[in-house]
Amino acid sequence: MTLPVILAHGGAGAPNEDSDGPQQACEVGLKFLTDGEIDAALRAVVEAAVVLENDVRFNAGTGANYRLDGSLQMDAILATSDGRIGSVAAIERVRNPIRVARLVMDSPHIMLCGDGATRFAHHRGIADDPPVTEKARKRLESALERLKSGKLRPTERKWQGRDMHGTIGAVARAADGTFAVSCSTGGTSMMLRGRVGDSPLFGAGTMCGEHGAVCATGDGEEIIRRLASMRVYMRIAEGMHPQAACETEVAVFPPPYTIGLIAASREAHGMAATDDKMARGVLEAQE
Ligand code: GLY
């Protein structure tokens with residue numbers, strides 16, 4: 001029997017003072033993780049992600065960033081250690097993309113994107129409810145202003161570039177030794193309509209298998225390039241402690257790009273972020 005654990009984050013760069021959000025997500029998730037029902041780890045990371053998607057402080061669901069054209073598209077994924085994956089990319093007009101990822105998981109597909117993902121969600125009974133917020137509108141205005149003035153942040157130079165990533169995610173290990181991971185995001189601050197980041201991509205923004213579960217947050221294109229979650233997972237599979245596995249990836253992640261990671265293995269868990277900046281939570285079940 002393994003001791004259940006759940007970890008959650010509110011995004012690399014999300015102020016550590018906002019860690020009450022991920023911690024509350026862990027509290028909600030732990031109830032599902034320990035209720036003795038099937039799919040405990042999966043249900044735990046879904047419900048933890050919903051808490052964070054509903055928290056306007058974090059860039060996912062309610063609070064998701066706008067695209068440069070003023071549209072709002074989001075990415076999300078769920079994966080389990082028995083090989084189930086459900087993912088949506090550039091989905092619109094839903095408040096909780098993670099719930100759509102859960103529906104995709106039970107479909108014949110692994111990923112749906114764009115208009116197809118949105119239609120699938122509404123057809124399956126998810127409300128047509130765009131998570132538009134004033135805060136995100138202001139972030140877009142500020143991004144457009146930086147573009148116009150050329151006063152770009154170091155990571156925006158490819159738009160030069162991009163910034164203001166932020167994502168939410170959770171990993172869980174259940175008492176039966178199974179794992180699950182969830183991840184949901186509104187993307188970065190400067191992005192074209194149609195852009196897909198690391199978050200909904202298995203191996204890049206998330207990884208889950210018999211050795212554990214990993215969730216990444218940060219600069220999406222760089223996380224994809226490095227398959228960062230897969231690298232952390234492989235280190236864990238080779239016997240490295242998840243804390244060391246996360247720290248190693250953070251240490252080699254090329255500046256000015258930033259990354260945050262949470263991970264659970266069979267016996268342990270860990271989390272790390274560039275400059276240690278990431279709202280985060282963790283909760284272990286009592287013996
Ligand atoms: N890591 C979030 C994104 O780049 O979309």
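All values reported here derive from a predicted model rather than from experimental measurement. Quick note: numbers below take in every heavy atom, side chains included, and nothing from hydrogens, waters or symmetry partners. As the structure lists them, so they are numbered: ligands from 1, and atoms in each ligand from 1.
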- [ ] For ligand 1, find out whether one of its N or O atoms is nearer than 3.5 Å to an N or O atom of Gly218.
- [x] yes
Open item on the list: Any salt bridge linking Asp35 with Lys31? Criterion: basic side-chain nitrogen under 4.0 Å from a carboxylate oxygen.
Closed with: no
TODO: Taking only heavy atoms of Gly187 into account, list the atoms of ligand 1 that are under 4.0 Å away from them.
DONE: 5 (O)
- [ ] Mind checking salt bridge (Lys or Arg N to Asp or Glu O under 4.0 Å) for Glu27 and listing every partner two or more places apart, or none if nothing turns up?
- [x] none
Open item on the list: Can you confirm, on distance only, whether ligand 1 has an N/O atom lying under 3.5 Å from any N/O atom belonging to Gly220?
Closed with: yes
Task: Proximal ligand 1 atoms for Thr188, defined as those under 4.0 Å from one of its heavy atoms - done: 4 (O)
Task: Per-atom contacts, ligand 1 versus Thr167 - under 4.0 Å to a heavy atom - done: 1 (N), 2 (C)
Open item on the list: Ignoring hydrogens, what is the shortest heavy-atom contact between Ala44 and Ile6? Give both atom names and the distance.
Closed with: O-CD1, 3.9 Å
TODO: Please name all residues satisfying salt bridge (Lys or Arg N to Asp or Glu O under 4.0 Å) with Arg84, sequence neighbours left out, ordered by chain then number.
DONE: Asp39, Asp82
Open item on the list: I'd like to check which ligand 1 atoms, numbered from 1 as shown, lie under 4.0 Å from a non-hydrogen atom of Asp198.
Closed with: 1 (N), 2 (C), 3 (C), 4 (O), 5 (O)
Open item on the list: Less than 4.0 Å is my threshold; does some heavy atom of Arg195 fall inside it relative to ligand 1?
Closed with: yes
Task: For Ser199, the ligand 1 atoms whose distance to one of its heavy atoms is below 4.0 Å - done: 1 (N), 2 (C)
- [ ] Count the heavy atoms belonging to other residues, nucleotides or ligands that lie under 6.0 Å from CZ of Arg266, then report whether that count exceeds 12.
- [x] yes
- [ ] Measure from NZ or CZ of Arg139 to the centre of the six-membered ring of Tyr66, then state whether that distance is under 6.0 Å and the direction lies within 45° of the axis.
- [x] no
